Student: 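Okay, handing you the structure first.
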Amino acid sequence: MIDKTLRLALAGAVAAMLASCTGINYYAQAAKGQFSLLTEARPIEDWLADNGTDSKLRLRLATARQIRSFAVKELGLPDNASYTNYTALSRPYVVWNIVATPELSLKPLQWCFPVAGCVNYRGYYSKEAAQEYASELRAQGNDVQVGGVPAYSTLGWFNDPLISTFIHYPDAELARLIFHELSHQVVYVQGDSQFNESFASAVEEAGVERWLSGYGNDAMRQNYAKFVSRKQDFIKLLLSYRRTLEDNYASKAPPAEKRTTKVRLFSQLKDDYLVLKASWGGFAGYDRFFAEPLSNAHLAAIATYTDLVPAFRALLAREQSFTRFYATARKLAALEKAERHRRLKALDVKA
């Protein structure tokens, strides 16, 4: 199994290197990081059978196994070896993603890869390497955010493991993450992150609701409702400032004035977040968003995960089953991007 995985990883790395000779170091770290993640993984059953496994971890792995079984049986998500193994890492995130935009724009820079296509981020398995590249982008005049990521999908190319970076999430949040990442194996369109992430977010949302109905208790449902409510409040706040910043950059004001307005708006955003945080009773779960000075890059990806979710909700309600929903999503994926988005937005309007 390891030999086969090694061949696949090396083949992917070679293909990537051929696609961009200048990115050899980047692709080498990506291949090394992915290979390390896979080779350090052990089957859940091995961890459960090991007397040295911490009791809390044992419970989390058993819960994850049940969630994955539910994903396959009730949500029609792929029944493969993804999330049947567990990897313990000595770092808080599996990768660190870089998002960058021009100084006076919210349109993110894109990077193109052989399998994933063009995406609005660039990932590193080392925080130091990510920060080094971020410094290069800032030196070119870009706004940059470096953010830790607890999980990602290899789109079915490899058997994605459970990882220590997210295994201790509360049950419903663990289910949300597993449903989301498995969804990327169902439908994925190269070069359309908005479609991909909104689709996965819709599956995640509906999946957790169904999972909580069957396996949750009142406390779990209440805690998850708080999680969702805070998330919605936070996204609403960010989208509001995103729209205001877009208006600023699209205006006919001189660049110097736009820069002044930009600084003022980001200062106000931070102040408004503190007010929102106080309304949550001091919940600090979003504090890490402000770990670096705020910039356009912080708001660039918000629309990617949210804009098309209402349309996918409407589509799932119309199709009334995950099987039909996935089939229709695949048909949409086969269309040209403009037509795909036009049809989805039409669904949103009807809803």
Side-chain angles (χ1 to χ4, degrees), residues 93 95-111 118-124 130-131 133-135 137-150 152 180 191-201 227-251 253 255-277 279-280 283-311 341 345 348:
Y93 300 105
V95 294
W96 283 263
N97 276 353
I98 292 172
V99 178
T101 70
E103 180 192 14
L104 297 176
S105 171
L106 287 163
K107 185 177 182 179
L109 305 185
Q110 286 199 327
W111 291 271
C118 295
V119 294
N120 301 335
Y121 56 84
R122 181 171 166 124
Y124 287 84
Q131 290 176 328
Y133 185 63
S135 295
L137 291 171
R138 289 190 181 103
Q140 297 167 14
N142 297 299
D143 280 12
V144 184
Q145 180 196 23
V146 178
V149 178
Y152 64 86
H180 185 103
D192 195 347
S193 296
Q194 193 174 32
F195 176 91
N196 299 329
E197 296 302 339
S198 293
F199 167 78
S201 294
F227 167 81
V228 172
S229 178
R230 290 167 180 154
K231 181 179 179 181
Q232 290 174 341
D233 288 345
F234 188 62
I235 290 175
K236 183 179 179 181
L237 175 66
L238 298 186
L239 287 175
S240 173
Y241 274 90
R242 178 187 167 92
R243 286 189 291 269
T244 305
L245 283 161
E246 284 177 332
D247 291 341
N248 175 45
Y249 300 145
S251 73
E257 184 177 330
K258 291 181 181 180
R259 292 187 185 97
T260 300
T261 302
K262 172 185 175 182
V263 172
R264 175 177 57 79
L265 287 171
F266 277 122
S267 178
Q268 289 177 355
L269 170 56
K270 193 168 184 178
D271 290 342
D272 284 350
Y273 167 68
L274 294 177
V275 173
L276 183 60
K277 179 179 174 179
S279 74
W280 295 334
F283 173 76
Y286 290 98
D287 281 6
R288 70 185 183 93
F289 183 84
F290 300 88
E292 296 180 347
L294 291 177
S295 71
N296 294 331
H298 283 72
L299 303 182
I302 296 300
T304 300
Y305 288 82
T306 59
D307 276 6
L308 296 179
V309 172
H341 283 238
K345 288 174 182 177
D348 189 8

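We use all heavy atoms of the structure for the numbers below, so side chains are in, but hydrogens, waters and symmetry mates are not. Not measured: the values here are computed from a predicted model.
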Student: Would you say the side-chain atoms of S135 pair up with the backbone N or O of Q131, donor to acceptor, closer than 3.5 Å?
Tutor: yes
Student: At their closest point, which heavy atom of S193 faces which heavy atom of C118, and how far apart are they?
Tutor: OG-O, 4.3 Å
Student: Please determine whether side chain to side chain contact (heavy atoms under 4.5 Å, CB included) holds for the pair F266 and L299, giving the CA-CA distance in whole Å, both sets of side-chain angles, and the decisive distance to 0.1 Å.
Tutor: CA-CA 11 Å; F266 277 122; L299 303 182; 4.0 Å; yes
Student: Grab the two heavy atoms, one from I302 and one from T306, that are nearest each other, plus how far apart they are.
Tutor: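 Minimum heavy-atom contact is O-OG1, 3.0 Å.
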Student: Tell me the salt bridge (Lys or Arg N to Asp or Glu O under 4.0 Å) pairs involving residues 287-306, sequence neighbours left out?
Tutor: R138-E292, K277-D287
Student: For N296, which residues count as a side-chain hydrogen bond (donor to acceptor under 3.5 Å, both in side chains) partner, sequence neighbours excluded?
Tutor: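 Residues passing side-chain hydrogen bond (donor to acceptor under 3.5 Å, both in side chains) with N296: D143, Y249.
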Student: Tell me which pairs pass salt bridge (Lys or Arg N to Asp or Glu O under 4.0 Å) where either residue lies in residues 263-275, with sequence neighbours left out.
Tutor: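 Residue pairs with at least one partner in residues 263-275: there are none.
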Student: Which residues satisfy the side-chain hydrogen bond (donor to acceptor under 3.5 Å, both in side chains) test with Q110, sequence neighbours excluded?
Tutor: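 Here the qualifying residues are N120.
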Student: Please determine whether side chain to side chain contact (heavy atoms under 4.5 Å, CB included) holds for the pair Y93 and V149, giving the CA-CA distance in whole Å, both sets of side-chain angles, and the decisive distance to 0.1 Å.
Tutor: CA-CA 5 Å; Y93 300 105; V149 178; 5.5 Å; no
Student: OG/S279 to CG/L274 distance, rounded to the nearest 0.5 angstrom?
Tutor: 11.0 Å
Student: Tell me every residue that passes salt bridge (charged side-chain N to carboxylate O under 4.0 Å, His left out) with K258, counting only those two or more places apart in sequence or in another chain.
Tutor: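 K258: no salt bridge (charged side-chain N to carboxylate O under 4.0 Å, His left out) contacts found.
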Student: So, taking the atom named CZ in F290 and the one named CG in L269, what distance separates them when rounded to the nearest 0.5 Å?
Tutor: 5.0 Å
Student: Holding to salt bridge (charged side-chain N to carboxylate O under 4.0 Å, His left out), I want the full list of residues that pass it with D192, two or more places apart in sequence or in another chain.
Tutor: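 With neighbours one apart ignored, the set is R340.
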Student: Minimum heavy-atom separation for A130 and V146, please, with both atom names.
Tutor: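 Looking at all heavy atoms of both residues, the shortest contact is CB-CG1, 4.0 Å.
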Student: Could you walk me through whether L308 and F199 pass the side chain to side chain contact (heavy atoms under 4.5 Å, CB included) check?
Tutor: CA-CA 8 Å; L308 296 179; F199 167 78; over 6 Å; no
Student: Can you measure from NZ (K262) to CG (L104) and round to the nearest 0.5 angstrom?
Tutor: 6.0 Å
Student: Donor-acceptor pairs are to be reported for all side-chain atoms of residues 228-239 against protein atoms at under 3.5 Å, with residues two or more places apart or in another chain.
Tutor:
unit_1	atom_1	unit_2	atom_2	d
D233	OD2	W280	NE1	3.3

Student: Within this structure, what is the CD-CG distance for the pair Q194 and N196, rounded to the nearest 0.5 Å?
Tutor: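 Here the interatomic distance stands at 10.0 Å.
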Student: Excluding sequence neighbours, so at least two apart, what forms side-chain hydrogen bond (donor to acceptor under 3.5 Å, both in side chains) with Y286?
Tutor: none
Student: Once ring pair (Phe, Tyr, Trp, His ring centres under 6.0 Å) is applied, do any residues pair with H341, and if so which ones, sequence neighbours excluded?
Tutor: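 Here no residue qualifies.
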Student: What residues form a salt bridge (charged side-chain N to carboxylate O under 4.0 Å, His left out) with R243, not counting sequence neighbours?
Tutor: none
Student: How many angstroms lie between atom CG of N248 and atom OG1 of T261, to the nearest 0.5 angstrom?
Tutor: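 If I round to the nearest 0.5 Å, the distance is 4.5 Å.
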Student: By the side chain to side chain donor-acceptor pair (under 3.5 Å) test, which pairs, at least two apart or in different chains, include something from residues 97-109?
Tutor: E103-R259
Student: Quick check: do T260 and E257 have side-chain heavy atoms less than 4.5 Å from each other?
Tutor: no
Student: Taking all non-hydrogen atoms of both residues into account, name the closest pair between A300 and P108 and its distance.
Tutor: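 Looks like CB-CB, 4.1 Å.
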Student: Evaluate the side chain to side chain contact (heavy atoms under 4.5 Å, CB included) criterion for residues V144 and Y133: first the C-alpha distance (whole Å), next the side-chain angles of each, then the deciding distance (0.1 Å), finally the verdict.
Tutor: CA-CA 10 Å; V144 184; Y133 185 63; over 6 Å; no
Student: Please check: side-chain N/O of S201 versus main-chain N/O of S198, any donor-acceptor pairing under 3.5 Å?
Tutor: no
Student: Return the set of residues passing ring pair (Phe, Tyr, Trp, His ring centres under 6.0 Å) with F195 (not counting sequence neighbours), or none when no residue passes.
Tutor: F312
